[in-house]
Amino acid sequence: MTEGTTPAAEGVDTLSRLEQEGEIAADYLEGLLDIADLDGDIDMDVEADRAAVSIISDAGSRDLQKLVGRDGEVLEALQELTRLAVHRETGDRSRLMLDIAGFRAKKRTELSELGAKTADEVKSSGQPVKLQPMTPFERKVVHDAVAAAGLRSESEGEEPQRFVVVLPA
């Protein structure tokens, strides 16, 4: 906390900064959609102390799937480019999360289920379980699900082969 500010004022400052990140990201992504001649609406929010921007489409997400790519590879690249655009404007590193056509939301649900199922397996067997390599986003979701199930997990390996190990209690 800086001198002369209250915790409530810092919370407002953080919220304003995250909303600004969302606005910058939305402008950048709108330009990208125009260049690519793709239809999509942009939704902005703040979730878990980060700006969250989603591109959605009423006309079905078939066109937007091009922006997701195989296993979300294009989505990951677009997220990094969007973070760089925000950094260029603000001078601050962004932790912005981008979702396109609900891909990340669906992935989050699947990974939460995987984390809970793996935690149950580890509780039953008493043996650690290693999962397949995952992106940082995917690992975070699994770590959260494992923690919610009362166990702990660790990430091991080097990118891009970094994976989660679920450990017994």
Side-chain angles (χ1 to χ4, degrees), residues 10-36 38-116 118-119 131-149 153-164 166:
E10 284 210 352
V12 169
D13 289 346
T14 299
L15 181 61
S16 295
R17 183 180 51 80
L18 293 174
E19 288 173 343
Q20 179 191 18
E21 282 186 21
E23 292 287 339
I24 293 166
D27 290 345
Y28 176 78
L29 292 165
E30 282 177 6
L32 179 80
L33 290 173
D34 286 345
I35 291 168
L38 295 172
D39 290 326
D41 295 320
I42 297 181
D43 183 38
M44 295 176 297
D45 201 358
V46 174
E47 298 173 1
D49 293 331
R50 11 171 107 184
V53 178
S54 300
I55 300 175
I56 54 178
S57 175
D58 294 336
S61 58
R62 187 170 206 88
D63 280 347
L64 291 182
Q65 288 304 316
K66 297 172 188 172
L67 298 179
V68 172
R70 186 173 52 96
D71 296 326
E73 290 172 340
V74 176
L75 171 58
E76 288 289 332
L78 287 173
Q79 177 175 278
E80 286 307 310
L81 289 171
T82 304
R83 286 177 174 177
L84 286 171
V86 170
H87 180 264
R88 185 185 67 225
E89 292 289 323
T90 65
D92 295 325
R93 183 176 171 273
S94 174
R95 295 176 52 233
L96 175 130
M97 288 296 292
L98 175 62
D99 191 8
I100 299 174
F103 177 83
R104 270 200 211 278
K106 181 180 171 201
K107 192 78 164 171
R108 181 178 279 121
T109 300
E110 292 170 0
L111 291 166
S112 292
E113 291 170 2
L114 173 66
T118 304
L131 299 175
Q132 295 296 313
M134 298 178 186
T135 67
F137 160 76
E138 294 168 336
R139 290 193 309 270
K140 169 84 169 93
V141 173
V142 172
H143 286 307
D144 290 348
V146 169
S153 56
E154 297 174 348
S155 292
E156 293 184 6
E158 297 294 322
E159 295 293 352
Q161 296 299 311
R162 201 154 165 79
F163 58 93
V164 174
V166 181

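Computed from a predicted structure; not experimentally measured.
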I would like to know whether E21 and R93 meet salt bridge (Lys or Arg N to Asp or Glu O under 4.0 Å); could you show each step before the answer?
CA-CA 10 Å; E21 282 186 21; R93 183 176 171 273; over 6 Å; no
Output for pair (L84 CG, Q79 CD), nearest 0.5 Å, gives 11.0 Å
Residues in salt bridge (charged side-chain N to carboxylate O under 4.0 Å, His left out) with R139, at least two apart?
E159
Any donor-acceptor pair under 3.5 Å linking the side chain of R162 with the backbone of P136?
no
Would R88 and R83 count as a side chain to side chain contact (heavy atoms under 4.5 Å, CB included) if you check the C-alpha gap in whole Å, the side-chain angles of each, and the deciding distance to 0.1 Å?
CA-CA 9 Å; R88 185 185 67 225; R83 286 177 174 177; over 6 Å; no
Side-chain heavy-atom pair K66, V74 within 4.5 angstrom cut-off:
no
What's the separation between atom CG in L111 and atom NZ in K106, rounded to the nearest 0.5 Å?
11.5 Å
State whether the side chain of D63 and the backbone N or O of L38 hold a donor-acceptor pair below 3.5 Å, judged by distance alone.
no
For V166 and A119, the nearest pair of non-hydrogen atoms, with its separation, is CG1-CA, 4.3 Å
Determine whether H87 and S94 satisfy the following criterion, side-chain hydrogen bond (donor to acceptor under 3.5 Å, both in side chains), listing intermediate values before the conclusion.
CA-CA 6 Å; H87 180 264; S94 174; over 6 Å; no
Within the structure provided, determine whether L67 and L33 are in side-chain contact (heavy-atom separation under 4.5 Å).
yes
Given V86 and Y28, is the side chain to side chain contact (heavy atoms under 4.5 Å, CB included) satisfied, shown in steps?
CA-CA 9 Å; V86 170; Y28 176 78; over 6 Å; no
Taking atom NZ of K107 as the centre, does the number of heavy atoms from other residues, nucleotides or ligands within less than 6.0 Å exceed 12?
yes
Quick test of your reading of the model: are R104 and E138 salt-bridged, counting only N-O distances below 4.0 Å?
no
Donor-acceptor pair, distance only, cut-off 3.5 Å: does the side chain of D99 make one with the backbone of F103?
yes
Walk me through it: do T118 and V146 pass the test side chain to side chain contact (heavy atoms under 4.5 Å, CB included)?
CA-CA 8 Å; T118 304; V146 169; 5.6 Å; no
Does I24 reach the side chain of L96, with side-chain heavy atoms less than 4.5 Å apart?
no
side-chain hydrogen bond (donor to acceptor under 3.5 Å, both in side chains) against T82, all qualifying residues, sequence neighbours excluded:
none
Evaluate the criterion side chain to side chain contact (heavy atoms under 4.5 Å, CB included) for residue pair S155 and H143; output intermediate values, then yes/no.
CA-CA 9 Å; S155 292; H143 286 307; 2.8 Å; yes
Run the salt-bridge test on R17 and D13 with the 4.0 Å N-O cut-off and return the result as yes or no.
no
Working to the nearest 0.5 angstrom, can you tell me the gap between R50 CZ and M97 CE?
5.5 Å
